[in-house]
Amino acid sequence: MNFDDLKLSDPIVRSLKDQKYDKPTPIQAEVIPAILNNSDVMAAAQTGTGKTAAFVLPILHKLSDPKNAFKGHQLRALIITPTRELAAQVNENVNTYSKYLGTRSTAVYGGARIHNQQLKLRKGVDVLVATPGRLLDLYNQKSVNFKNIEILVLDEADQMLDMGFIHDIKKIVGLLPERRQNLMFTATFSNSFRALAKELSERAIEISVTTDGETGANIEHYVHPVDKSRKAELLIELIETEGWSQALVFTRTKHGADRLQKQLDKVGIKAQAIHGNKTQNNRMKALEAFKNNKTKILVATDVAARGIDIKKMSQVINFDVPTVAKDYIHRIGRTGRGGDEGKAITLVSSDEFRLLKDIEKLLNQTLPRVEVAGFEPIEVVPSGDKKKKKNFNPRAGFNHRTRSKNRKG
Ligand code: ADP
Ligand code: MG
């Protein structure tokens, strides 16, 4: 299948050529025809599989179709995202794919001046990307009008539910015209996602493209057992010996992210942290600097990083084991994109063993324990299986491959 088979209009296909996309991803191949066919859709595919284009392309196609094009710019498609970064990123995607069309789009989110957003809305937009809270503020101030909305998208819906946006979402949905197309995207199909999707639309068709264990087969996972007090030291050792050009490091707390960033800075490793206590501008700048290779290490909390598209991350490091097993999948969704090889490395102290077990249960595989010479923990992390631990010298390079029990072929 290629993009021509999807019957998207020429200006859209041209923008895809500019992006050098040669064919639709599996989720795009399934979702795009369904949306063009006016179906309501609930779709799940792991992070990094191109879900944004899966809804943006057919939306642009429909809005620009001469048969039902509008004069001027009326708000006809509303895309709701959980975080500010994601809103900005999805809006960038809309702009990229509509560059040969007359469609106008903007993003509205908290942490940025509402006045500027009101000005843009007043000039008229066809597509609006919004976080729930700011959208409701703008609605209450009568700065946005929902009466022409034909298409509603909930992007990264599982995350919106995790972040407690359910009431805001229901409130927004209650303000929209009843006759509309509902499109819901998620990285993981949870029961709460299904319940929300069913509530929004009885007739939504379910499309799911997930790999076994829901993580890419090209990702190598392993665990370094280490005492809690020596995690930073071990991370620095790995950064210095493993030859990583860049790495994304996850911490559990905002405070932990800041502390680690300072520790890295102290030894001359350029690092920046993103989390909920940073201003919007600050977060955007840190992300930009990382994307442009100006910082080596980006330290992030789960909420700040989910859904964010960072290209070609060869390794993701879990400085702390995530407390919610599903977050492990979200975190490592940032590596091994587009068939590239990726590594997911988790630093585990003895108190985190139970959390690690939860993740292994979810992945249906035991992650190899790899002790680093000089960092063997005093407080032992159980091995999880009967196999003997391997000794690991970071300077010797590393080529251990994870075997997933349920990987096919
Ligand atoms: P998701 O929402 O599923 O996590 P994104 O929509 O953020 O994924 O897309 C991940 C990356 O894949 C983006 O950098 C995007 O530009 C790229 N991408 C999307 N569609 C294609 C395609 N058909 N071919 C190649 N790359 C693509
Ligand atoms: Mg996405």
Side-chain angles (χ1 to χ4, degrees), residues 1-6 8 12-33 35 41-61 79-99 107 129-131 153-163 183-189 193 207-211 214-216 218-219 248 287-288 290-292 302-314 316 326-327 329-340 342:
M1 150 114 43
N2 57 41
F3 280 111
D4 295 326
D5 300 326
L6 293 172
L8 293 164
I12 295 174
V13 175
R14 250 205 295 160
S15 78
L16 299 173
K17 293 229 165 79
D18 290 353
Q19 292 303 302
K20 310 222 161 29
Y21 295 174
D22 42 49
K23 58 178 191 329
T25 64
I27 189 78
Q28 290 165 359
E30 290 204 47
V31 164
I32 292 173
I35 298 180
V41 173
M42 53 166 131
Q46 75 176 93
T47 309
T49 52
K51 292 191 288 296
T52 319
F55 59 81
V56 171
L57 302 178
I59 288 175
L60 290 172
H61 179 96
I79 301 166
I80 303 181
T81 69
T83 64
R84 302 152 180 193
E85 284 82 2
L86 205 51
Q89 185 182 296
V90 169
N91 185 48
E92 268 173 39
N93 278 227
V94 176
N95 288 332
T96 302
Y97 303 134
S98 65
K99 77 184 219 207
V129 190
T131 53
V153 181
L154 301 185
D155 189 24
E156 311 285 350
D158 49 347
Q159 189 183 356
M160 281 201 268
L161 291 169
D162 289 351
M163 290 172 73
L183 308 172
M184 298 154 282
F185 288 80
T186 180
T188 48
F189 255 131
F193 170 73
I207 296 174
S208 173
V209 178
T210 47
T211 49
E214 297 185 76
T215 70
N218 49 338
I219 297 175
L248 179 59
L287 205 57
E288 231 15 68
F290 189 64
K291 284 186 182 175
N292 296 333
D302 290 290
V303 164
R306 260 166 74 174
I308 289 173
D309 175 33
I310 297 169
K311 285 202 173 104
K312 292 204 192 96
M313 208 52 315
S314 331
V316 168
K326 243 187 357 188
D327 282 342
I329 289 170
H330 290 295
R331 288 181 179 189
I332 66 170
R334 256 135 276 274
T335 184
R337 291 190 162 201
D340 291 344

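Computed over heavy atoms, backbone and side chain alike; hydrogens, waters and symmetry mates excluded. Order of listing sets the numbers, starting from 1, for every ligand and every atom in it.
Distances below 4.0 Å separate heavy atoms of Thr47 from the following atoms of ligand 1: 4 (O). Atoms of ligand 1 lying under 4.0 Å from at least one heavy atom of Lys23, given by number and element, are 22 (C), 23 (N), 24 (N). The Thr25 neighbourhood of ligand 1 comprises atoms 21 (C), 22 (C), 23 (N), with distances under 4.0 Å to a heavy atom of that residue. Residue-ligand proximity, Glu156 to ligand 1, at heavy-atom distances under 4.0 Å covers atoms 2 (O).
Considering backbone and side-chain atoms alike, Tyr97 places every N or O at 3.5 Å or more from each N or O of ligand 1. Taking only nitrogen or oxygen atoms, main chain and side chain alike, Thr52 reaches within less than 3.5 Å of ligand 1. Here's the thing with Thr49: one of its N/O atoms is less than 3.5 angstrom from an N/O atom of ligand 1. For ligand 1, the polar-atom distance check finds an N/O of Gly48 within less than 3.5 Å of one of the ligand's N/O atoms. Considering both main-chain and side-chain atoms, Tyr21 comes within under 3.5 Å of ligand 1 through a nitrogen or oxygen pair.
Salt-bridge formation is detected for the pair Asp18/Lys99: a Lys NZ or Arg NE/NH1/NH2 atom is positioned less than 4.0 Å from an Asp or Glu carboxylate oxygen.
No side-chain heavy atom of Thr131 sits under 4.5 Å from any side-chain heavy atom of Ile80. The shortest distance between side-chain heavy atoms of Leu183 and Ile59 falls below 4.5 Å. For the pair Asp327/His330, a side-chain contact is recorded, criterion being any heavy-atom separation below 4.5 Å from C-beta on.
Across Ala29 and Leu6, no two heavy atoms sit closer than the pair O-CD2, 4.3 Å. Scanning both residues, Ala45 and Lys51, for their nearest heavy atoms gives O-NZ, 2.6 Å. Of all heavy-atom pairs between Pro26 and Val209, the closest is CB-CG1, 3.9 Å. In terms of heavy-atom proximity, Phe290 sits nearest to Leu248 at CZ-N, 4.4 Å.
No donor-acceptor pair under 3.5 Å is formed between the side chain of Thr186 and the backbone N or O of Phe189. A side-chain donor-acceptor contact under 3.5 Å links Gln28 to the backbone of Gly50.
In Phe3, the part holding a heavy atom less than 4.0 Å from any atom of ligand 1 is the side chain. Only the side chain of Gln28 comes within 4.0 Å of ligand 1, counting heavy atoms alone; its backbone N, CA, C and O stay farther away. Of all the heavy atoms of Gln46, the ones lying under 4.0 Å from any atom of ligand 1 belong exclusively to the backbone.
Of the candidates Ala45, Gly50, Ala187, Gly50 brings a heavy atom nearest to atom 9 (O) of ligand 1.
Counting just the N/O/S atoms of Glu156, the one with the shortest distance to the Mg ion (ligand 2) is named OE2.
Residue contact check for ligand 1: Gln19 places no non-hydrogen atom closer than 4.0 Å to it.
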